[in-house]
2 protein chains.
Amino acid sequence: MLGLPKLDRIDINILGQLQQNSRLSNVDLAQAVGLSPSPCLARVKRLEKAGYITSYTARLNLGKLVDHITVFTEVTLKDHRREDFVKFESEIRRYDALKECHLVSGGYDYLLKFVTRNVARYHELMEHILERNVGVEKYFSYIVIKTVIDRDNVLLKYLMTDEQAG
Amino acid sequence: MLGLPKLDRIDINILGQLQQNSRLSNVDLAQAVGLSPSPCLARVKRLEKAGYITSYTARLNLGKLVDHITVFTEVTLKDHRREDFVKFESEIRRYDALKECHLVSGGYDYLLKFVTRNVARYHELMEHILERNVGVEKYFSYIVIKTVIDRDNVLLKYLMTDEQAG
DNA sequence: AGTGAAAGCGAGGCCGG
DNA sequence: CCGGCCTCGCTTTCACT
C-alpha cells in the first residue's frame, strides 16, 4: 500500500488473462503476453503481493449441486448515526448466507444479496436478524425468479477503454 | 447433461477446495481431500466435464486498478408478454457494463447491476438503453456508496448443511 | 528490467490390485 | 475406483545481459 508501482500494458494483460483463466500455466501465460516465463512469473508474484489479485477461485455451477434461491433485500435502518451503520455492518457479517452487502444512495440504506436453500430458510434468517436488534427498521425482499446474466470477468477491458458500449 | 453421476463427499470437498483456491496443485488438492494424485486428478477432470466447475478465475482488486462505480437498477417493463421479457433479456446482453441481471418477484421486473467508470457513463448507458426501445417503462437507480461485503466463495459448505446460521 | 539454462517437482497416462 | 510408478513438461531459481 505504500508504494504503488505503476502497471504497464503487460501487467494489465496478465491480469486480464488470469481473470479469464486462473489455471493458465506460467509458460502459456508468458507466451500470451509476449514474455519469457521467468519475468512473467515475477510479475505475477508482484501483482499478487501488491494486492491486485485477491484470490484465485473456481466458479461452480451451484444450481447443479444443490437447490437454492437468491434473494435481494432492501434494508432501512432505524437511526442513521455513524455507530448505527458500524453496528449493522459488523453484525451482518456473521451470516454465511449473505453474499453481498452494499450501502446505497436512494430510497433505503443497504442492498443485501442472500443465497439460501429455500424461502423458509430465508425467512428464518430475516427473523433472526430482526430479533438480534441490529437496528433494522424495515426491509423488503425480492426473490430472484431467474438469473439472466451473472458475469464474473468482463469489466477490465471495458473499464480501461474510453469507448462507450454500443 | 444426460447422466448425472452422484457426487460423493470427496467430490464436494474437491469443489470446495478449488472454490477457495483454484491454483492448488493436484498433489496438494489430493492430500487435502485424502486421495492420491491420480484419482484426484481424474475426479477434477470429471467434475469439469460434467459442468460442475464452469471456470477458473482470478479475483482482481478492481478499485486499485481503475476508478469505477457500481449501480443497481430496478427496471419495470412496459408490457409483460413473454416476448417482452425475451426481447429485453436479449438486448440487455449487449452491454459490457452489465454484471448481473435478475428477473425478480415484487415491485418491479428486473434488478440489474452495472459497473462503469463514473455516474456520467452510467447515465449515458441508461439513455442509450431507453433510446433503443427495449420495452423499459421506467427505472430507478441506486448508486453504491460502499460495498461492505462481496464474497465469492462461501455457500458450498453452508448450503450443504442443515444447520441454520447463528 | 529480460534471457536462458538447470534442477526439482507436478501433471497426466498406464498398469496392477 | 484407488494407489504407485514413470516420463514429460512445467515451475522456479540463478547467473548473466
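Order of the sequence lines sets the chain letters (A, B, ...), proteins ahead of strands, with each chain counted from 1.
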## Note on the structure
Per nearest nucleotide of DNA chain C, the residue lying toward the 5' end, A:Cys40 or B:Lys45, is A:Cys40
### Which residue lies more 5' along DNA chain D, comparing B:Arg23 with B:Ile10 via nearest heavy atoms
B:Ile10
### Query
In whole Å, what is the span from the CG atom of B:Leu24 to the C1' atom of C:dG10?
13 Å
### Query
Of all the nucleotides listed (D:dC2, C:dA11, D:dT12), which has the minimum atom distance to the side chain of B:Pro39?
D:dC2
### Message
If I take atom CG in residue B:Leu35 and atom P in nucleotide D:dG4, what distance separates them, rounded to the nearest angstrom?
### Response
11 Å
#### Entry: A:Phe72 six-ring face occupied by A:Lys113 cation (under 6.0 Å, within 45°)
no
### Message
Please evaluate residues A:Tyr139 and A:Tyr108 with respect to the criterion ring pair (Phe, Tyr, Trp, His ring centres under 6.0 Å), reporting the C-alpha separation (whole Å), side-chain torsions for both, the decisive distance (0.1 Å), and the verdict.
### Response
CA-CA 9 Å; A:Tyr139 69 92; A:Tyr108 51 90; over 10 Å; no
## Note on the structure
Regarding the side chain of B:Val27, the nearest nucleotide among D:dT13, C:dG10, D:dC5 is C:dG10
### Below 4.0 Å: OP1/OP2 of C:dT3 and any side-chain N or O of A:Ser36
yes
### Task
Indicate, with a heavy-atom threshold strictly under 4.0 Å, whether B:Ser25 touches base, sugar-phosphate, or nothing.
sugar-phosphate
### Query
Counting just side-chain N and O atoms, does A:Arg43 come under 4.0 Å of either OP1 or OP2 of C:dA1?
no
### Query
Roughly how many Å is it from CG in A:Asn26 to P in C:dT3, rounded to a whole number?
13 Å
### Spacing of A:Arg9 atom CZ relative to C:dG2 atom C1', expressed in whole Å
18 Å
### Task
State whether A:Asp11 and A:Arg46 are salt-bridged, where the test is any N-O pair (Lys NZ or Arg NE/NH1/NH2 against Asp/Glu carboxylate O) under 4.0 Å.
yes
### Task
Give the rounded distance in Å between these two atoms: CG of A:Leu41 and P of D:dT12.
5 Å
### Message
In whole Å, I'd like the distance from the CG atom of A:Leu29 to the P atom of D:dT11.
### Response
9 Å
### Query
How long is the line joining CG of A:Asp28 and C1' of C:dA11, in whole Å?
13 Å
### Task
Give a yes or no answer on whether the side chain of B:Thr54 reaches the backbone of A:Arg59 with a donor-acceptor pair at less than 3.5 Å.
yes
### Query
With distance as the sole criterion, do the side chain of B:Ser38 and the base of D:dG4 form a donor-acceptor contact below 3.5 Å?
yes
### Value in whole Å for how far the C1' atom of C:dG12 lies from CZ of B:Arg46
17 Å
### Task
Taking only Lys NZ, Arg NE, NH1 and NH2, and the carboxylate oxygens of Asp or Glu, determine whether A:Arg43 and A:Asp8 approach each other closer than 4.0 Å.
yes
